[in-house]
Number of protein chains: 2
Amino acid sequence: MPSKPSGDPSTKNEEWLRVGRQLSFALYGAANRVIRLHRPFLEPLGLTYPQFLVMLALYEDAPRSVGDLGLVLGMDTGTLTPLLKRLQTAGLVTRTRDSADERRVLIDLTDAGRALREEACSVPGKIETACRLTHAQAAELRDTLNGLARPRKGEAESSSDQQTEGEAS
Amino acid sequence: MPSKPSGDPSTKNEEWLRVGRQLSFALYGAANRVIRLHRPFLEPLGLTYPQFLVMLALYEDAPRSVGDLGLVLGMDTGTLTPLLKRLQTAGLVTRTRDSADERRVLIDLTDAGRALREEACSVPGKIETACRLTHAQAAELRDTLNGLARPRKGEAESSSDQQTEGEAS
DNA sequence: AGCAATTATATCGTTCACGATATAATAAGG
DNA sequence: CCTTATTATATCGTGAACGATATAATTGCT
């Protein structure tokens, strides 16, 4: 690995400091582009990308609590609560208090939400095609990304022990 | 590659439809986590991650136009103009019309902006450490991501021919 | 039983991603 | 020279990421 200057970009080997050479920036850009790829497919469904993720999570298992959705999708309640309210306003989900524990809000699908299932579930295939990676390449990249920037063991985990945010192979 | 159902998630092999199995979601999650990793380092500098990217781009080459920054960073003017105004308000950059072509706004660094250079440029090294990848792994992943979800040849390119948004090895 | 600690969600404020649209300046063509 | 086309940036509105903070409900301990 090229020698890395300690905070002095004017020395040799500062190439790695260029914006375009950074993994973080590559991630940032790729994420924006991939989300953008979804728009033409999601717009007819009246969904944004994060809303689409919520719907997919509910198609897997509904009802589920706000907290559970947060764990599965890696979103905090500041993001989720307004998002779920918009989905509720759109008539795609219901939000009700769990009678077993009234701190929890349960999110379930409506008939209109279920009606989107087939079309919503056809989107990932279209995106994979648009990404122009082989399935093996996509799977490998996905697994690398899912492991990236995770808290260390012993640090507070953001994922429960069920198959959650970013599944390994 | 496993057979892919055409829009029917209830068939076999729907595993790939789970949110956690999707490359898009892995990208989305990884990008958010990596940006979050930057915060402790950027907050003392009074910068957000997109602002940090702009500063890095200016350390490479300043002054540059809003459009040029947009190309280099993959941001559109709806994102850049308010961001640059905030950096100007913070006293880190100047925004002036190019006398050669008054449609263009030139962005340059102030003394205060230049004063952040060393500290700002030390951040990527810290992030790479926090990502716990070897340099080779990071470089390979970066190059894969930089190539992801790009327009095809012949489609409108979002990058100019200079080394721009997402550099290859 | 009562109180403190913990948990779950909600709200607030700020930043930004982006499509649509508007304005201003320059380039091109007749 | 004048008009049209193109380019560069700005504004607007909406959705969302997230840290800080608040409220309500449950759990645990004495």
Side-chain angles (χ1 to χ4, degrees), chain A residues 27-40 42-43 45-54 64-71 73-90 92 95-107 149 156 158 160 165, chain B residues 27-40 42-43 46-54 64-71 73-90 95-107 149 156 158 160 165:
Chain A
L27 248 186
Y28 168 83
N32 287 342
R33 291 192 302 276
V34 164
I35 289 170
R36 208 182 296 154
L37 275 184
H38 282 73
R39 286 181 90 103
L42 295 182
E43 226 172 332
L45 309 184
L47 296 174
T48 63
Y49 182 72
Q51 290 169 359
F52 167 68
L53 294 178
V54 169
R64 43 205 321 180
S65 67
V66 172
D68 186 40
L69 278 171
L71 283 175
L73 297 176
M75 296 175 178
D76 69 45
T77 70
T79 299
L80 263 180
T81 297
L83 194 158
L84 293 170
K85 285 192 170 179
R86 281 188 283 275
L87 285 175
Q88 181 183 34
T89 298
L92 301 178
R95 295 172 67 249
T96 52
R97 286 284 165 181
D98 184 350
S99 55
D101 182 341
E102 292 184 2
R103 292 176 293 182
R104 295 166 175 263
V105 174
L106 293 181
I107 310 298
S158 65
S160 72
E165 191 209 339
Chain B
L27 249 185
Y28 167 84
N32 287 340
R33 292 192 301 276
V34 164
I35 289 170
R36 209 182 294 154
L37 275 185
H38 282 74
R39 285 182 91 103
L42 296 181
E43 228 172 331
L47 296 174
T48 63
Y49 182 71
Q51 291 169 358
F52 166 68
L53 293 178
V54 168
R64 41 203 325 176
S65 67
V66 172
D68 186 40
L69 278 170
L71 282 176
L73 298 177
M75 296 173 177
D76 70 45
T77 71
T79 298
L80 263 181
T81 297
L83 195 158
L84 293 170
K85 285 191 170 181
R86 282 189 283 274
L87 286 175
Q88 181 182 35
T89 298
R95 296 173 64 250
T96 52
R97 286 283 165 182
D98 185 349
S99 56
D101 182 341
E102 292 186 1
R103 292 175 292 182
R104 293 165 176 263
V105 174
L106 293 182
I107 310 299
S158 65
S160 72
E165 189 207 342

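By convention in this document, chain letters (A, B, ...) are assigned in the order of the sequence lines, proteins followed by strands, and residues within each chain are numbered from 1.
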*Rounded to the nearest Å, what distance is computed from the CG atom of residue B:L37 to the C1' atom of nucleotide D:dA17?*
15 Å
*Take the protein atom CG of B:D76 and the nucleotide atom C1' of C:dC16, then report the distance between them rounded to whole Å.*
10 Å
*What residues form a side-chain hydrogen bond (donor to acceptor under 3.5 Å, both in side chains) with B:R39, not counting sequence neighbours?*
none
*asked:* Can you measure A:L27 atom CG to C:dA17 atom C1' for me and round it to whole angstrom units?
replied: 17 Å
_Can you tell me if B:R36 touches the phosphate of D:dC18, counting only side-chain N or O atoms and a distance under 4.0 Å to OP1 or OP2?_
yes
*asked:* Any non-hydrogen side-chain atom of B:L106 less than 4.5 Å from a side-chain atom of B:R97?
replied: no
*Give me the ring orientation class for B:F52 and B:H38: parallel if the planes are under 30° apart, tilted from 30 to 60°, perpendicular past 60°.*
tilted
*asked:* Counting C-beta onward and ignoring hydrogens, is there a side-chain heavy-atom pair between A:Y28 and B:I35 closer than 4.5 Å?
replied: yes
*asked:* I need the CZ-P distance between A:R39 and D:dG15, as an integer number of Å.
replied: 11 Å
*What's the CG-P distance between B:L42 and D:dC18, to the nearest Å?*
14 Å
*asked:* Can you measure A:R86 atom CZ to D:dG15 atom P for me and round it to whole angstrom units?
replied: 6 Å
_Nearest whole Å is fine: how far is C:dA17 C1' from B:Y49 OH?_
14 Å
*Does B:V54 reach the side chain of B:L84, with side-chain heavy atoms less than 4.5 Å apart?*
yes
_Do B:R33 and B:L37 have side chains that approach each other closer than 4.5 Å (heavy atoms only, starting at C-beta)?_
no
_Rounded interatomic separation in angstrom, taking CD from A:Q51 and P from C:dC18_ = 16 Å
Could you write out each protein N or O paired with an N or O of nucleotides 6-10 of chain D at a distance under 3.5 Å?
unit_1, atom_1, unit_2, atom_2, d
D:dT7, O4', B:R103, NH1, 3.4
D:dT7, O2, B:R103, NH1, 3.3
D:dT9, OP1, B:V66, N, 3.2
D:dT9, OP1, B:G67, N, 3.3
D:dT9, OP1, B:V105, N, 3.3
D:dT9, OP2, B:G67, N, 2.6
D:dA10, OP1, B:R95, NH2, 2.1
D:dA10, OP2, B:T81, OG1, 2.5
D:dA10, N7, B:T77, OG1, 3.1

